Amino acid sequence: MTPHPTVLILPVALPLFLGAFSLLFQSMAPDRRVALQRILAGLGLFANMAVAGFLLFWVLQRGPQAFQLGLWPAPFGITVYLDTLTALMLAMVGLLSLLIYPFALETIDPERARLGFFPMLLFLLMGANGAFITGDLFNLYVFYEVLLMASFVLLTLGGTPSQINGGIRYVVLNLMGSMMLLLGAGITYGTLGTLNMAHIAVRMAEAPYTVQAVIAGLLLVAFGAKAAAFPAFFWLPSSYHTPHPVVTALFSGVLTKVGVYSLFRVFPLFFPTLLATWQPLLLTVAGLTMVIGVLGAFAQPTIRRLLSFHIISQIGYMLMGLGVALSPSTYGVGFGLALAILFLIHNQLVKTALLLGGGAVELEMGTGKLSELGGLVHSRPLQATLFLVAAFALAGFPPTSGFIGKLGLLEVTFAAGQWPIAAVSVFVSLLTTMSMIRLWQSIFWGKPRLSPPPGVRAPGRALWTTTPSAILVALSLAIGVAAQPMLTLVQTAASQAIDRAGYVRTVNPELTEQDRSLPLGIQSQRSEKAGG
Amino acid sequence: MTEIYLRLVDRILTPILLLIAIFLFLRGHDLPGGGFIAGLVAAAAIELTILALGSAATRDRYGPWLAPLLGIGLMVAVTAALIGMAGGGFFLGRWIQFEVAGETLKLGTPQLFDLGVMLVVVGMAVTYLLRLSEAAETPPPSTKHRETRP
Amino acid sequence: MLQRAPSKGLSASFALPKFSSSAHSPPLTENTSQTRKNTVLALCLTVLFVSAPLLWLLKPHRSFSFGWWAALPAAAVTLWQTLQLIPVGQGIFWVERYGWAPTLGLELALRLDGLALFFGLIITGVGTCIAFYTAHYFAGDPRQGFFYLLLYAFMASMLGLVWSDNLLALFVFWEGTSLTSYLLIAFKSEYKAAVDGARRALIVTTAGGLALLAGLVLLGLEAGTFSISGLLATPGIATAAVTPIALTLIFLGAFTKSAQFPFQFWLPGAMAAPTPASAYLHSATMVKAGIFLLARLHPAFSELPLWFWTLLLTGSFTMLLGSLSAIRYTDMKALLAYATVAVLGMLVLLLAFDSTYAYAAFVVTVIAHALYKAPLFLSAGIVDHAMGTRDLRKLAGLGRSLPLLAATVALAALSMAGVPPTLGYLAKELLLESGMKPLEQGQWLVGSLAYGAATLSALFMVGAILTLLWEAFFRRHPEEEGARLHHLPSFGFVAPALLLTLLGALGALAVDSVQNLLFAPAVAALAGEPVELHLKLWHGFTPVFLTSLAILGLGTAVFLARSPLRRLLNSLPAQLTSLFVYDQLVNALYRFAYRITTWIQGSPMAPQISVTLLSAALLVAYAFTHSSLASLPLLDSLEMPSLTEWLLCVLALFGALATIRARSRLSAIIALGVVGLTVTLFFLVFGAPDLALTQLLIEVLGIILLVLVFFRVRPDPDLDSGQGTSWRTISKLGMAAAMGFFGFAVVLINHISQVGESISPYFLENSYSIGRGSNVVNVILVDIRGYDTLGEITVLALAALGGYALLRSPQLPLLRRRIQMARRQNGAADQPTPPKTETGHD
Amino acid sequence: MTALMLALLVGLLFACGTYLVLQRGQIKLVLGLGLFTHAINLALFGTGRLTRGAPPLVDGETVKAAGSAAALFARYADPLPQALILTAIVISFGMTAFIVMLIFRRDALTGSDLLPGELAAVVNTADPFAKFTLRMQLPEAADDYDLLQYELDEVYDYPEREVENARE
């Protein structure tokens, strides 16, 4: 049975509805309200995961899907578009938020819960999902803002001085990014006369180089800033260590990845030629992102600061994959993108596991300062094991997902003849290992230096908080061991992502003609349907 | 003196502004106006009350409505969008037409959606204004190192 | 192919190839030699991998005779391998292939040829003894199970490494050995020495591993296959353009793993591992991985000068360095570790050559080393266990209290010193022989280098091992206060060492029967064709034998002169060691990282904003350099602006400048309001009443908001007055100019080129008929693009919630109270004790 | 030419906004962001066709009278950018309000009104690397110091020692 394409909107509508619903009880007694919001959030996250899983299954069966909101025909109304890449991202973000939920239940303080932590989870999810499935450039901007606003609130929830200070930087620098996105969308309309991404893809091919370059430049800065790529990453390390650890873990799996996803979505679709001509630029950005990120991690004194810098560093690998996405090589066009997607998924799993593990330590010991921690391996063997596997996965050791990603990217960059960036990635991989060893050794090895403050519940040992990490680590290992199915999956995703004709055809077959004139011939089926 | 003056303004202007808001809202689909503008005007009306009576009195007057306003607004908007799903499309307009005094009136989900927009705008603006006014009415915690530079 | 003159046939000669078909084609490919396909190799690996957690779960420290059980899986695999000696000797190999990530060329291909079997036998054979020994070493220790877990995981990785027939699978197992050895070295993780040693070992081997990976990928891509046998059979791979780079990278990998100069420094630090682990890692397995890899690739690349000279020079230098350093140390394990470095150098040196002497010497050295070094390490562990120390300065006269152990060590030492008739002697003979070979052929430089290095290093090895033997076991009085005997080791504790020693010492006597069964297949794999060996222990008073005698004599002299030698070596400046260089490098890296991060992240927000904005501006500027200014056809799409519009423009500009120049906050806010107002009017003029209304109302609300907040927020302290303002102002002005250009260009681009017409007419046409509203903007907002509006009001609602949360968050006094409470509760924990530096021995 | 004028105006607003944003002091930051918003709105406005004085209010008869969509488009202002700008205005209002609230909160917490870079040097959490000399310049804020000190505990005071720790 084919479901109605309206289900495509569920990843947005469901969290929004439940979030809005849980805001209805603002005048209720705080404790009861929080209890209700917890349940609603759990419900929403679970339902979202179910929907995302279903969508992934569906798209693998039936190929890409598109849906016109309000049945306004394609270039005029807003399109939502689902292909394997989108569905994978929906599923990953759904999974991460679902796994973070029990951790949040266990560790979030009543104050933050009262200030609306749980509805905000739903709104963040809505923003991310909306940014994933949209097929309209301006709509992408809107959902970026939803995501951003939800993240602002989550970041500053609780309002401690460090949160506020990090928050201001985060907000202002991200606003610069979304400003560029807005301008990019505006210019796209101004020059191409349309906002629908399929339509843009059609018309962008005819646009002169200058127009392409301006739009691409603006979008690159916008998405790059969101992804914390090289010159625009400052917001991340100044803010990620400040909120509650759950929030950091969630952010690491969602926020920067939305930026990376947008790059993956937009560049092969709009600028296939620029991917070749701008390859040096992209690879330089990728290399610098890697190096700066990992060097930053070297100098960090606390768990979450260190891990935050690693987020940046790993983004560089994904950009490297994007840089060689369309390079011809023995592996075929698009293989670089496939591996970048694989790396993205790997990074989401592993980074979240690390931040959850580190967050549990931080919550339990009352500090994340490496020089004060030590010797936890004996009291928390399970937690230590999970952290170790995740750390080595991040450093790219076999048999984890990190190895497959690293190996594949190395092969594909070598095959594309991009030796310098491959060398940089190898070097950064070494630095990552050094840094992860340092992190692991200072937390878990050596003599115990600090005993946990009295009266603190030990989240590190609770079932609710270790299970999510365990699942994440197990998934990472599973990808590493059963690599071929995953490779096939991301290859499908990449081949759909670079298939511009397929995208356009799915959105509206009549757009494929090279239209300089208004596509007014496309009359709406809406006029008949909407007649009631 | 100024207070009485403000009270008077509040008594007269606030209802007028609220009426204008409703008017702008209703005509919004055909003429300049609509949910945003109406919401902003309504917020301005409430701000006037805050200025005139202070935040506590304003809270007394609108209090029970304000807290869940955002939720209600969002719910209304989402519901309006979801109703459209019955016809096979998110945001699909559904309309009811009827004749009142010779005029064709049409009510539809877009207008319901617009109502949601208006409620959210009012809710947002008033949350800020009310809270900030409250804060402004209490003295800051420590004024010791307040600097005198203009 | 290989140059092979018929030798004068003293210790080795060649037989005719057994398979006539293999005379001219490489016989190692599956086409020519027989293969057997089954899952038995994978099964063996699985057995070892599964035993690891199984042994851990069995909680071995509770049972007394666990050693037998623990040795069982390794013994079984050894037994199976022993049974394969005959078929493999006949050129019948096991080959198995399992897909892993075939797209990436990664598959679990296993292939049991002579070399793999030879190394595999050593790995599991020594492993069996180690597993047995471990039960005694860790008797009653609850961490015994965990040690077995790591030990078996390591053993399985090592076995997988030598068995794999895929470059990437080999790398996977390679990294597996790195990881497990990291955990093994840091097994006593409370000790700083263990943790530091482990980290250094992992970092060095990972660095090499990554270089190796890059090299393997390059080779694989060049050859078009990642299969090792396929690679070796690829014609022209040795002369490909990429090969020198790939080989250099692979050398890096092999040399770091096998502790070649200048990477040998991690090996002594790795001695912090529990003794069974050190014995296993450094006699038979981990350090041999690099050697094994070189041996694997030898048939394809040995003709290259790069290969020859790199291996020759690195090997001989490492050999000298290791043997010279060994004598310096009084820690038994450190001494043995440096002796290991020397042997590893020897093996690398041997791999440089292309002669059957060298191959035979290589093979015999590998096994001889495994059979004497493992017992020596194990004995060091027993001494440590029994005496509580393994420092030679505190030991003496153990020969009397531990006679069996003393005999074991003495036998092993004889083998290490190369006294006939041990395997060590045979190995040394062959080594010298292969050094003699170039001399005979007139290659004086190479020959004298190899021969000289071999002689010198052998001599110092004799001195070192005699030192150990004498000082620990036979002299009467220790140099310092002697350690006391805690308890006698049981026979089971010593038995594994004794068994290995006996094999090593007496194995040479059975060389005739062993050589073609065990050595020949391995040599064949090295040579690339089947070989028959004729090794003999005794072949007259050749120059080589005389050199051997001289070595023993001079070695004794070195032993006698050990004290001044030690003093001399200890007086060398520490700056010369590669450990120092490494530490300096890492320090410099940290310092550099710290500085660059400070510079990047420590900056105030303004430069960070500038960078973000500037990157956009630069990209736009770049785009404009690619447009010809002649193509501006659309600029005059609208006629000249009217006076009102000019006025509005000027007013907006005035407002903006006033915002900058305003002296007080209120005036600045009002000036911003003026700008907003002109924007409103602008909208009104150009037919956007909805926009104008919204803008106006938002402006009003915004001003109220700003006034409310900034009425209360304390003003900025005057920070700008003072240093360096002029430069800052200039940079700000520059940024402003750049962004001004950016804005200008961004608007202009709309008019430079328009591809296709706007979709807007559709809205004008259909908003009334379909959307049922004549205000097109409103119809777009609530219907056509209502989804956008939905997102937008969500943003508003979230902003409201966020603002509410910020105002409702706990205020300062409350936070302060809490912090104080937390402090009081923590009390002592607030002041962390400074980390002490422990010097850990096991 | 009107387009050129608009471009000029947008450029100048951007320039002024940038200058303000780069100044120290949070009010200037907010005002600069306000100028940015105006600049962007005008830039978006410039992406459509500028039509003087004909708001896009089109009912059924007008559509019929005009005959074609192109004719309508020639006469009326472009409605799409207007809708986009409306959305953008409202969103940026929400953002500005939130930033203002952050500043308000920070003021309530720390009692000082420095820019993040400087404040971080005092509170030193967003910025472990900022120079510590600034702390000396603000003796008046001493009563908030136990809070600040708490935050300082989280990060390091002695960079050199931290390098050592990092090496460990």
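Treat the numbers as computed from the prediction; the structure is a model and nothing was measured. Sequence lines set the chain letters: A, B, ... in the order given, protein chains first and strands last, and positions in each chain run from 1.
- Heavy-atom pairs under 4.5 Å with chain D peak, among A:Val171, A:Thr191, A:Val146, A:Leu439, at A:Val171.
- Side chains of A:Tyr189 and D:Asp78: a donor on one and an acceptor on the other come within 3.5 Å.
- Contact of D:Phe45 with chain A is not made at all, since no heavy-atom distance falls under 4.5 Å.
- Proximity to chain A is limited to the side chain of D:Leu44, based on heavy atoms less than 4.5 angstrom apart.
- Between chain D and the options A:Met176, A:Met179, A:Met434, the largest number of non-hydrogen pairs under 4.5 Å is found for A:Met179.
- When the side-chain contact (heavy atoms from CB on, under 4.5 Å) test is applied to A:Thr188, the partners found at least two apart in sequence or on another chain are A:Leu137, A:Leu192, A:Ile200, A:Ile215.
- Counting heavy-atom pairs closer than 4.5 Å to chain A, the top residue among D:Thr37, D:Ile91, D:Leu84, D:Leu33 is D:Leu84.
- Heavy-atom distances place both the backbone and the side chain of A:Phe152 under 4.5 Å from chain D.
- Residues satisfying the side-chain contact (heavy atoms from CB on, under 4.5 Å) test with A:Ser151, not counting sequence neighbours, are A:Leu124, A:Leu148, A:Tyr170, A:Phe251, A:Leu255.
- Remark: aromatic rings of A:Tyr141 and A:Tyr144 are distant, center separation not under 6.0 Å.
- For A:Phe444 and A:Trp440, the gap between ring centers is short of 6.0 Å.
- When each of A:Leu175, A:Leu306, A:Ile187 is scored by its heavy-atom pairs under 4.5 Å with chain D, the top score falls to A:Leu175.
- In this structure the side chain of A:Leu307 never reaches within 4.5 angstrom of the side chain of A:His241, judged on heavy atoms.
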